[in-house]
Amino acid sequence: MMTIKIKPNCADNPEFGTLPVNDALARILAAVQSVTGYEKIPVQEACGRVLYHAVHSFVRVPPFTNSAMDGFALNRADLPPAGQTTELVIIGTALAGKPFESTVGSGETVRVMTGAVIPDGADTVVIQEHVEISDQTIRIDARHTPGQNVRQAGEDIQPGDCVLEAGLLCAPADVGIIASMGIAEVSVYRKLRVAVFSTGSEVCDLGQQRAGVSQQTFIYDSNRYSLCAALGKLPIEVVDMGIIPDDPALLQSVLLDASHHADLIITSGGVSVGEADYTKQVLSELGSVDFWTVAMKPGRPIAFGKINSAVLFGLPGNPVAVMVTWCFLLKPALEKMLGISASAIIPSFIATSTSSIRKRSGRTEFQRGILTQQEHGKWTVKTTGKQGSGILTSMSKANAFIVLEHDRGGVEAGDEVLVYPFSGLF
Ligand code: AMP
Ligand code: MG
């Protein structure tokens with residue numbers, strides 16, 4: 001059980017947070033477990049699901065030795081010595097699904113198509129482009145290798161092989177592999193149930209206007225929409241819980257209710273130190289929750305812990321902070337909870353910054369950047385301009401985060417920086 005600890009917060013140190021991002025992530029990963037339930041599903045639905053059991057094969061793939069090319073099957077003993085040619089008699093044809101039923105003898109060949117069973121007596125295929133055909137014979141020269149253009153039975157998969165490990169997030173090719181072994185159903189981790197709230201008396205849903213909130217003062221909820229969109233890409237049952245105004249009693253009852261139904265609760269807003277930031281107070285009453293000021297920008301105030309058995313993430317309210325904390329703190333935790341075994345590999349690489357970037361040492365900064373590939377494959381990056389944590393369009397204009405590490409100072413034009421393409425994150 002986590003204990004209620006009120007950590008130093010923004011008020012204690014207005015300039016920088018206290019917990020480095022990597023430490024925050026390590027604590028989060030240590031505190032969450034993968035769900036235990038699983039279900040059996042048809043292989044057609046396995047893409048994007050996480051294997052609960054490893055998949056073993058009962059069969060060989062390919063199941064029989066077959067031709068990799070259109071050409072002529074023959075025995076290697078009939079390949080001519082260097083500098084010479086040989087003539088072979090065509091005794092039949094083998095098509096994919098229609099084998100040649102007899103044996104290929106010395107001095108004989110069978111016309112074979114890609115995927116056809118290699119006839120008995122043959123072990124080598126000469127492609128048709130390398131053959132002189134006349135009537136019922138072919139002539140081949142000496143450029144060929146014994147055994148060429150033949151796919152051996154079981155060369156990909158053998159019976160008993162552990163082909164896919166438990167904890168694999170199935171990609172399209174994995175679905176094909178499962179089918180190639182004749183397996184129609186697989187067991188996968190059950191979907192995670194995630195409840196998503198927005199908080200804030202100024203926050204309104206589309207097509208609604210909160211009573212008593214004038215049009216001059218409300219803002220449309222964007223966080224719940226971006227979060228639900230991101231969650232929708234994972235094997236997650238999203239429970240959209242709407243918007244809770246800054247009302248501690250209401251917040252308390254809704255969060256408590258969600259904790260009985262969800263594996264994970266995500267809120268945004270109200271975790272800072274403002275007068276109407278009640279999430280903190282309510283959470284510490286309801287569960288074991290840590291409040292962290294993470295040394296990151298954006299995304300500094302964050303709540304993390306548990307209410308009953310539900311894991312809770314209280315994200316900051318600013319829309320870009322929500323996106324950054326989603327990518328670098330929340331998604332890795334979700335991946336562990338989903339049963340994904342491989343530690344999340346988020347692709348990143350080094351690019352050259354084309355402009356200077358202001359940055360002070362002592363926190364990790366996540367700037368929104370536009371990556372461009374130059375001649376010879378080199379990548380350069382520039383920021384999208386205004387980097388305020390409320391400027392959500394900076395995410396749309398960007399195709400990558402420029403991540404400026406904790407201890408790093410400012411960046412000069414021409415310096416190398418670490419970039420995380422959005423394509424690996426969302
Ligand atoms: P807070 O963390 O509650 O102080 O909110 C920080 C900023 O984010 C404020 O300007 C809020 O109005 C804004 N904000 C909070 N929640 C949302 C939301 N769901 N969608 C868009 N902006 C929000
Ligand atoms: Mg608020």
Side-chain angles (χ1 to χ4, degrees), residues 6-7 9-17 19 24 194-210 212-232 238-252 254-255 258 264-284 289-305 312-327 329-330 363 366 368 386-396 426:
I6 307 295
K7 293 269 163 62
N9 59 36
C10 308
D12 302 310
N13 184 346
E15 197 53 40
F16 294 117
L19 193 59
V194 178
V196 186
F197 297 95
S198 291
T199 70
S201 293
E202 79 284 27
V203 184
C204 283
D205 207 353
L206 303 179
Q208 285 183 348
Q209 199 184 318
R210 171 104 17 93
V213 180
S214 91
Q215 233 174 347
Q216 315 302 320
T217 52
F218 80 78
I219 58 160
Y220 288 117
D221 184 359
S222 63
N223 290 342
R224 208 161 34 96
Y225 287 85
S226 47
L227 280 170
C228 288
L231 287 162
V238 182
V239 188
D240 183 344
M241 305 291 288
I243 303 161
I244 319 173
D246 294 317
D247 170 346
L250 189 57
L251 199 57
Q252 179 148 16
V254 178
L255 282 170
L264 178 91
I265 303 170
I266 307 173
T267 67
S268 68
V271 287
S272 196
V273 291
E275 271 181 33
D277 289 334
Y278 296 116
T279 311
K280 211 164 168 175
Q281 170 201 327
V282 168
L283 292 178
S284 30
V289 179
D290 278 349
F291 298 95
W292 297 336
T293 44
V294 183
M296 67 195 288
K297 187 188 171 197
R300 188 168 55 179
I302 220 175
F304 172 73
L312 179 118
F313 273 88
L315 304 183
N318 279 309
V320 182
V322 165
M323 292 287 83
V324 170
T325 47
W326 158 263
C327 291
L329 295 176
L330 214 166
R363 66 184 175 199
F366 301 83
R368 276 72 71 207
K386 282 189 204 150
Q387 294 289 309
S389 59
I391 299 180
L392 194 50
T393 53
S394 68
M395 288 291 301
S396 295
F426 295 104

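Numbers for residues simply follow the sequence, beginning at 1. Just follow the structure's listing: the first ligand is 1, and inside any ligand the first atom is 1.
Closest protein heavy atom to atom 20 (N) of ligand 1: Ser222 N, 3.0 Å. Of all protein heavy atoms, the one closest to atom 13 (C) of ligand 1 is Gly317 O, 3.8 Å. Residue, atom and distance of the protein heavy atom nearest to atom 11 (C) of ligand 1 are Glu202 OE2, 3.1 Å. In this structure, atom 22 (N) of ligand 1 lies nearest to the protein heavy atom Ile219 CD1, 3.3 Å. Protein heavy atom at the shortest distance from atom 3 (O) of ligand 1 is Gly270 N, 2.8 Å. In terms of protein heavy atoms, atom 16 (N) of ligand 1 is closest to Asn223 ND2, 3.6 Å. Of the protein's non-hydrogen atoms, the one nearest atom 19 (N) of ligand 1 is Asp221 OD1, 2.7 Å.
Here Ser198 has side-chain heavy atoms under 4.0 Å from ligand 1, and that is the only part of it that gets that close. Contacts between Arg224 and ligand 1, counted as non-hydrogen atom pairs separated by less than 4.0 Å, are absent for every part of the residue. Here Ile243 has no heavy atoms under 4.0 Å from ligand 1, in either its backbone or its side chain. The backbone and the side chain of Asn318 each have at least one atom closer than 4.0 Å to an atom of ligand 1 (non-hydrogen atoms only).
In terms of modelled atom types and a separation under 3.5 Å, the side chain of Asp246 and the main chain of Tyr278 share no donor-acceptor contact. Checked by atom type and distance alone, the side chain of Thr279 pairs as donor or acceptor with a backbone atom of Gly269 at under 3.5 Å. The backbone N or O of Ser268 lies less than 3.5 Å from a partner atom in the side chain of Thr199, making a donor-acceptor pair.
The shortest side-chain heavy-atom distance between Leu255 and Phe197 falls under the 4.5 Å cut-off. Contact of the Glu202 side chain with the Ile219 side chain is registered, since non-hydrogen atoms from C-beta on lie closer than 4.5 Å. The shortest distance between side-chain heavy atoms of Val320 and Phe366 does not fall below 4.5 Å. Here the side chains of Asn223 and Leu315 are not in contact, with every heavy-atom distance at 4.5 Å or above.
For atom 4 (O) of ligand 1, the choice among Val320, Leu392, Asp277 with the nearest heavy atom turns out to be Asp277.
Using a 4.0 Å heavy-atom cutoff, Gly274 is absent from the residues neighbouring ligand 1.
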**Message:** As a quick check of understanding, evaluate side chain to side chain donor-acceptor pair (under 3.5 Å) for Asp240 and Tyr225, giving each step before the final call.
**Reply:** CA-CA 9 Å; Asp240 183 344; Tyr225 287 85; 5.9 Å; no
